[in-house]
Amino acid sequence: MFTKKKIRHILVRHEQAAVHAAEGYARSTGKTGVVLVTSGPGATNAVTGLTDAMMDSIPVVCLTGQVPSHLIGTDAFQEADTSGITRPCTKYNYLIKESDELQAHVEEAFYVARTGRPGPVVIDLPKDILMLDAPYSPAKAKTQVARRYNPVTTPDPEAIKKAVEMMKVAKKPVIYGGGGIINSGPDASQSLTQLVNETGWPTTLTLMGLGELDASHDNFLGMLGMHGTYEANLAMYNCDFMLNIGARFDDRVTGRLSDFAPTSVKVHADIDPSSINKNVRVDLALIGDANEIIQALLAEMKAQGFESHKGDMKKWWSAIEGWRARQCLAYKQTGDIIKPQHAIHRLYEMTKDREVYVTTEVGQHQMWAAQYFNFHKPNRWMTSGGLGTMGYGLPAAMGVQVAHPDATVIDIAGEASFMMNMQELSTLAQYRLPVKMFIINNEWMGMVRQWQQLIHGGRYSESYSASLPDFEKLADTFGMKGLVAHTADDLDGVIAEMLATDGPVIADIRVAKEENCFPMIPSGAAHCDMILGPEDTEDAISEEGKVLV
Amino acid sequence: MFDKSKVERHTISILVENEPGVLARVIGLFSGRGYNIECLTVSEVDAHKKLSRISLVTTGTPMVIEQIEEQLRRQVPVYSVQDLTVKGPHVERELALVKIVNSGDKRVEALRVADSFRARTLDSTLESFIFEVTGSSSKISAFIDLMGSLGAIEIARTGVSAMSRGSEIDY
């Protein structure tokens, strides 16, 4: 790296952050993120990030150092069994034993990371291998790869035919899109939009899928799941036909499985056959790349003369409009105290004309961001979905900013998550990465507090964020701008100043301390048992649900 | 909770690249996802192509068995996964070594039983025998049960090796 200037290296402060930064880079560009860490503690620190990338299907290649080959197995200084530790949290991993394996393994590693269902790949490199010359030979390229890893991308035409036949008789259909469409590339989002337009069907997206259909599209019902909208969840509950494209029936989406869309016929499109029938039994599987599947469906719809049932669709839409009319995301901003929902809504309004990328940490602020920040394009929203990694947002934002130096990159954070990787402020300062850190500060680990309130009888235990730093001064120590909004009147001014500042900014938004995140499907409940607001919370959670998380 | 269907026993044959860690990868998948392994046999079958075959017996509901197979298939060094139980007629064989320590009439009876199971005597002292017996797992279990009632025994079983009948060749 000393001589090869083609590779740009960003020296972060902690290996977990390095992986999240690579994830942010990967999610916002569609390319593979690369991480370089040292042996032993470097590799073990990277494990959280690798698991995060595994759960959310993000292409990352992580190069780990290892002690010299002859010392492996001797409990040498900074030795860890990296390939053993990372085996369950990577899509694949390698321990390089001979330098002449290097080229084939590195080429395969990138191929494995980005194709099929993407994921993290680790290459463990003993020091003696690193010291040897291993010249690249174009002639040898890609010999091994083709033999042993061949994900299917083109769907079976018979299955596509059947799917369209099923679509033709649907009277209460819903499209449920997930992160697989984002992973397939921007073309897949365009195809989805075309599919939504041609069918006229209501569409809901998972947390991972936000942005693949423009949030302002008339057919968009909002996000579904535990903190999804009333209309999205009731459409799922009542539908007679579900077209799942690139989503995996996660427990945060399905709620109680026995009552998940009980009257529906389900078609599941996924690139990973192991996602089929894992949690929810489906009637038809379409295996392949999301874009290829949607394009094949569109072509087959044309061939079969697909038409939505006009009369039935009208009835279905009027039911949905009825649910929409409940305005489940409505909130009242009155008085001085800033409602967190209002803070995010204003942030959206004031940034919507910019090239804006949003990352989040994990918790209430993450759900509010998903609910109140509208995404109009894919690859603009980076959040830790599957693993729920607090501390994801700040380092991910660094990766996004490196990839898009001129864009506005905002980490919508909670104060507790923010502190989990705030050593990276130093990295932001070093590389002058102008990330805007928008901290929804309620002085609680709010989602934990909310569950303790709703599920554990108000026994608030270890959920208070004590001894918080003064974020304004914290920014100052790193030579960046710090801002505070104490009251609702301060809010717009703080956002405006944050956006007008060239470098990184920490904006400490002091919000209502005990605001809860609604709507909510309590754990163990079905889509039809939503809590819309504080008035619904009495006895909403069953004994069975309390055991779940 | 949700899946109330019956638990089934399936024999699965997996062809993998014989590389370091491949067995850990396969069994780690089972332990990590809470699947059962009733028995497992693994050995290299083609040194030139670096291939090993893993024969594995597992139990689970049909939904779990389907998951197990798809999870195996998506591993990079896995070339093929065959569910022999689903595929149809197949042969399963297991080999066991049984050491028995006894004397007198029981020693004579042990030899007689071994003969009727077509077990071979591999080692013999004045107090003990080692028998080698092959066959289906149930035959071997029956043999071990009988031996157990005739003296103190030590057992080593290989686990099942299995293959589908007919002229088709896997990979």
Side-chain angles (χ1 to χ4, degrees), chain A residues 51 54 72 81-97 101 105 108-109 111-113 115-117 119 121-122 124 144-145 147-152 249 251 254-260 270-282 285 287 524 544 547-548, chain B residues 1-6 8 10 12 14-35 37 44-46 48-54 58 60-83 86 170-171:
Chain A
T51 311
M54 186 72 176
I72 289 178
D81 175 10
T82 303
S83 56
I85 290 169
T86 60
R87 197 170 289 125
C89 64
T90 53
K91 188 171 170 188
Y92 194 54
N93 65 8
Y94 303 84
L95 168 60
I96 307 289
K97 297 215 160 141
E101 298 172 343
H105 287 345
E108 189 184 64
Y111 178 76
V112 168
T115 54
R117 178 177 179 174
V121 176
V122 161
D124 200 22
Q144 193 183 4
V145 174
R147 205 183 79 175
R148 63 176 196 171
Y149 181 70
N150 301 298
V152 173
F249 294 109
D251 58 87
T254 61
R256 187 166 65 232
L257 278 174
S258 53
D259 285 321
F260 174 70
D270 206 296
I271 199 158
D272 176 7
S274 79
S275 284
I276 309 295
N277 295 335
K278 181 168 65 182
N279 302 327
V280 170
R281 193 158 267 292
V282 296
I287 304 296
E544 190 192 347
V547 190
L548 304 171
Chain B
M1 257 191 333
F2 180 60
D3 189 5
K4 293 199 173 69
S5 30
K6 238 175 78 186
E8 298 172 353
H10 284 238
I12 297 172
I14 313 156
L15 200 63
V16 299
E17 175 141 349
N18 184 16
E19 62 173 21
V22 67
L23 184 60
R25 196 174 294 281
V26 168
I27 59 178
L29 192 152
F30 277 75
S31 62
R33 291 182 183 265
Y35 306 142
I37 298 180
E44 186 170 71
V45 292
D46 187 330
H48 177 63
K49 291 189 196 157
K50 293 209 319 189
L51 295 177
S52 285
R53 186 173 296 282
I54 299 175
T58 184
T61 60
M63 212 159 152
V64 167
I65 301 278
E66 184 185 340
Q67 261 299 296
I68 289 173
E69 288 163 22
E70 291 305 340
Q71 292 290 349
L72 285 168
R73 277 192 191 106
R74 75 176 185 152
Q75 303 299 319
V76 172
V78 168
Y79 288 105
S80 96
V81 177
Q82 298 182 83
D83 186 333
V86 169
D170 178 32
Y171 216 77

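To find a chain, count down the sequence lines: A is the first, B the second, and so on, and within it residues start at 1.
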What one should report as the nearest heavy-atom pair of A:D272 and B:R74 is OD2-NH1, 2.7 Å
All heavy atoms of B:P20 vs all of A:K97, minimum pair found to be CG-NZ, 3.9 Å
With a 4.5 Å cut-off on side-chain heavy atoms, are [Y] and [X] touching?
X	Y	result
B:P77	A:Y92	yes
B:Q67	A:N277	no
A:S275	B:E70	no

Which residues share a side chain to side chain donor-acceptor pair (under 3.5 Å) with B:R25, sequence neighbours left out
A:N93
Look up atom CG in B:L29 and atom OG in A:S274, then write down how far apart they are to the nearest 0.5 Å.
9.0 Å
Gap separating the CZ atom of A:R87 from the CD atom of B:Q75, nearest 0.5 angstrom:
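If I round to the nearest 0.5 Å, the distance is 10.5 Å.
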Contact origin within A:P273 toward chain B - heavy atom pairs under 4.5 Å:
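For A:P273, the contact with chain B is made by backbone and side chain together.
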I'd like to know which of B:A24, B:G28, B:G32 tops the heavy-atom pair count under 4.5 Å against chain A.
B:A24
Test: B:E19 and A:R148 ion pair at under 4.0 Å:
yes
Residues in salt bridge (Lys or Arg N to Asp or Glu O under 4.0 Å) contact with B:E66, at least two apart in sequence or another chain:
A:R281
